[in-house]
Amino acid sequence: MSAPMRTDEVIQLEVQGRVGLIRIHRPDAMNALNDAVMNGLRDALDRLEADAGIGCAVLTGSEKVFAAGADIVAMQHMDFAEAYTTDFITRNWERLRTFRKPVIAAVSGFALGGGCELAMMCDMVFASETARFGQPEIKIGTLPGAGGTQRLPRAVGKALAMDLCMTGRLMDAQEALRAGLVSRVLPADSLLEETLVIAQKIASYSLPALMMMKETVNRAFESPLSEGIWFERRMLHASFALQDQKEGMHAFVEKRVPNFVHR
Ligand code: CO8
């Protein structure tokens, strides 16, 4: 692993080749998400987005916990006026949603409440065998507030989303895999290593093609099928303007490895 681009108390960012690894690090509070974490995450994502040498990001926590949700200690006295006027959540929690490069959540241990929501904002979730997902906000008298009621039903269907949100129960990695919340379950001791290998593979592909693909897949959640298909077609046509498309197809025909230049 190369020298860290940035390390601070709660968010650690390091670069390995074309991959940026972001680690949430609040071990004393189960990686609970507060302004410092979310501002640090925003800064790290800004940095990776601006760096043309980065093709993929990985977001992770520790082996024990990805993130146990929003910081309950920090939220306990917040009243409506403060939450509303300061635009709690929206003001700094959603940078991940607008990040345009591929991002993988590598989840080990608990991903609860805002932690589960953060994972769901990523393009893919890889889970270790120890991962536990849940939206337990009901147990503390509230409800998900960072997209949980919207992304969870889209990922796992209404019945299971209601079950998880209304009972607050946790879902293990295998159930999350069956339900479609995660795409892979990996051994706990090699989760990060294997995720980074996959991230490097993704980052070796044409960055503009990946970005166009991400934008197009996300359209599936924002538009009717015919609109989504139309958008996909236009993006496909647009990809023919990329140097990387010419290189990729020529390399295939010439039976050689393509040399993508990310243009
Ligand atoms: N916030 C703050 N501190 C936390 C949090 C949290 N979410 N989770 C754990 N901690 C702290 C504990 O208080 C404890 O601190 P201390 O050592 O000082 O007592 C330390 O982390 C270790 O926690 P536990 O002793 O509880 O560890 P366990 O291994 O026994 O349990 C759990 C681990 C299961 C993860 C447990 O800590 C837990 O249930 N945490 C809370 C999970 C939760 O309810 N998450 C949802 C939070 S709300 C949310 O995310 C919604 C956001 C949107 C809100 C919108 C409002 C408008």
Side-chain angles (χ1 to χ4, degrees), residues 8-12 22-42 45 59-99 103 105-122 125 127-156 160-176 179 181-182 188 191:
D8 64 23
E9 200 184 325
V10 291
I11 288 288
Q12 300 176 346
I22 304 172
R23 197 188 290 269
I24 306 168
H25 182 66
R26 272 192 87 196
D28 296 341
M30 296 296 262
N31 284 351
L33 309 169
N34 60 10
D35 277 337
V37 174
M38 301 318 289
N39 290 338
L41 178 58
R42 177 199 59 203
L45 292 168
L59 178 62
T60 197
S62 66
E63 205 171 314
K64 187 175 176 193
V65 60
F66 179 74
D71 190 323
I72 300 168
V73 178
M75 282 189 302
Q76 62 181 322
H77 301 300
M78 190 183 287
D79 61 14
F80 168 75
E82 183 187 349
Y84 182 71
T85 57
T86 65
D87 209 7
F88 178 52
I89 304 291
T90 314
R91 67 174 180 245
N92 55 356
W93 280 54
E94 295 190 303
R95 177 63 182 93
L96 193 51
R97 192 171 63 83
T98 62
F99 188 67
V103 54
V107 176
S108 190
F110 297 107
L112 307 183
C116 186
E117 292 171 308
L118 209 52
M120 289 190 290
M121 284 182 214
C122 297
V125 184
S128 84
E129 292 150 339
T130 64
R132 298 281 181 280
F133 299 87
Q135 297 290 162
E137 289 88 346
I138 195 63
K139 293 184 174 177
I140 54 168
T142 184
L143 63 149
T149 63
Q150 305 304 303
R151 290 194 183 91
L152 195 57
R154 281 168 169 79
V156 306
L160 184 53
M162 285 285 193
D163 178 344
L164 292 163
C165 291
M166 288 186 166
T167 66
R169 80 171 171 88
L170 306 191
M171 177 162 71
D172 68 19
Q174 287 302 336
E175 186 180 2
L181 182 65
V182 313
L191 170 73

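Read the numbers this way: they start at 1 and go in the same order the structure lists the ligands and their atoms. Index from 1, following the sequence.
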(message) Please check if the number of heavy atoms outside M162 that lie under 6.0 Å from its CE is greater than 12.
(response) no
(request) Scan for salt bridge (charged side-chain N to carboxylate O under 4.0 Å, His left out) pairs involving residues 72-82, sequence neighbours excluded, and state none if there are none. (result) none
(message) Quick one, T86 with M78, criterion side-chain contact (heavy atoms from CB on, under 4.5 Å). Give me CA distance, side-chain angles, the key distance, then yes/no.
(response) CA-CA 11 Å; T86 65; M78 190 183 287; 5.6 Å; no
(request) Identify, for atom 4 (C) of ligand 1, the protein heavy atom at the shortest distance, and state residue, atom and that distance. (result) A29 O, 3.8 Å
(message) Quick test: of every protein heavy atom, which one is nearest to atom 45 (N) of ligand 1, and how far off is it to 0.1 Å?
(response) A68 O, 3.0 Å
(message) Which residue and atom name correspond to the protein heavy atom nearest atom 20 (C) of ligand 1, and how close is it?
(response) D28 O, 3.7 Å
(message) Which of the numbered atoms in ligand 1 are under 4.0 angstrom from any heavy atom belonging to P136?
(response) 43 (C), 44 (O), 45 (N)
(message) Tell me whether ligand 1 is touched by A83 - counting only heavy atoms on the residue side and a distance under 4.0 Å.
(response) no
(message) Would the distance check show the side chain of D172 and the main-chain N or O of R132 forming a donor-acceptor pair, the cut-off being under 3.5 Å?
(response) no
(request) Taking atom 1 (N) of ligand 1 as the reference point, report whether a protein heavy atom occurs under 4.0 Å from it. (result) yes
(request) Determine which pairs satisfy side chain to side chain donor-acceptor pair (under 3.5 Å) with at least one residue from residues 134-154, sequence neighbours left out, and list them in order. (result) Q135-E137
(request) Using non-hydrogen atoms of the residue, decide whether L170 is closer than 4.0 angstrom to ligand 1. (result) no
(message) Using a 4.0 Å cut-off to any heavy atom of G69, which atoms of ligand 1 qualify?
(response) 50 (O)
(request) Begin from the C-alpha positions of C122 and L96 and carry the test side-chain contact (heavy atoms from CB on, under 4.5 Å) through to its verdict. (result) CA-CA 7 Å; C122 297; L96 193 51; 3.9 Å; yes
(message) Please tell me if atom 7 (N) of ligand 1 is touched by the protein, where touching means a protein heavy-atom distance below 4.0 Å.
(response) yes
(message) Under 4.0 Å from atom 13 (O) of ligand 1, is there at least one protein heavy atom?
(response) no
(message) Please give me the minimum heavy-atom distance between I89 and G145, naming the atom from each residue.
(response) CG2-O, 3.3 Å
(request) For D71, take its heavy atoms, then give the atoms of ligand 1 lying under 4.0 Å from any of them. (result) 1 (N), 2 (C)
(message) Tell me the closest heavy-atom pair linking A173 and S128, and the distance in Å.
(response) CB-O, 3.3 Å
(request) Locate the shortest heavy-atom distance separating A188 from T130; write the atom from each residue and the value. (result) CB-CG2, 4.0 Å
(request) Evaluate the 4.0 Å heavy atom contact test for atom 24 (P) of ligand 1: does a protein atom fall under the cut-off? (result) no
(message) Going by side chain to side chain contact (heavy atoms under 4.5 Å, CB included), F133 matches just one of V156, L152, V107. Which one?
(response) V107
(message) For atom 41 (C) of ligand 1, which of the options T142, I89, V73, I72 provides the nearest non-hydrogen atom?
(response) I72
(request) Specify the protein heavy atom at minimum distance from atom 54 (C) of ligand 1: its residue, its atom name, and the distance to 0.1 Å. (result) M75 SD, 4.0 Å
(message) Protein non-hydrogen atoms only, distance under 4.0 Å: does atom 43 (C) of ligand 1 have such a neighbour?
(response) yes
(request) For atom 52 (C) of ligand 1, grab the closest protein heavy atom and report residue, atom and distance to one decimal in Å. (result) A70 CB, 3.6 Å
(request) Among all protein heavy atoms, pick out the one at the shortest distance from atom 53 (C) of ligand 1; state its residue, atom name and that distance to 0.1 Å. (result) G145 N, 3.4 Å
(request) Determine, counting only non-hydrogen atoms of the protein, whether one lies under 4.0 angstrom from atom 50 (O) of ligand 1. (result) yes
(message) Go through it in stages, so that I can follow the logic: the residues are L118 and W93, the test is side-chain contact (heavy atoms from CB on, under 4.5 Å), and I'd like the CA-CA distance, side-chain angles, deciding distance and then a yes or no.
(response) CA-CA 9 Å; L118 209 52; W93 280 54; 5.5 Å; no
(message) Measuring from atom CG of L164 to atom SG of C116, what distance do you get when rounded to the nearest 0.5 angstrom?
(response) 8.0 Å
(request) Name the closest protein heavy atom to atom 37 (O) of ligand 1, giving the residue it belongs to and the distance to 0.1 Å. (result) M30 CG, 4.3 Å
(request) Pull out every atom of ligand 1 sitting under 4.0 Å from any heavy atom of G114, numbered as shown with elements. (result) 49 (C), 50 (O)
(request) Would you check if the side chain of N31 reaches a backbone N or O of V65 as a donor-acceptor pair within less than 3.5 Å? (result) yes
(request) Can you pull out the closest protein heavy atom to atom 38 (C) of ligand 1? Residue, atom name and distance to 0.1 Å, please. (result) L112 CD1, 4.7 Å
(request) Please could you name the atoms of ligand 1 that E137 approaches to less than 4.0 Å, counting only its heavy atoms? (result) 48 (S), 49 (C), 50 (O), 51 (C)
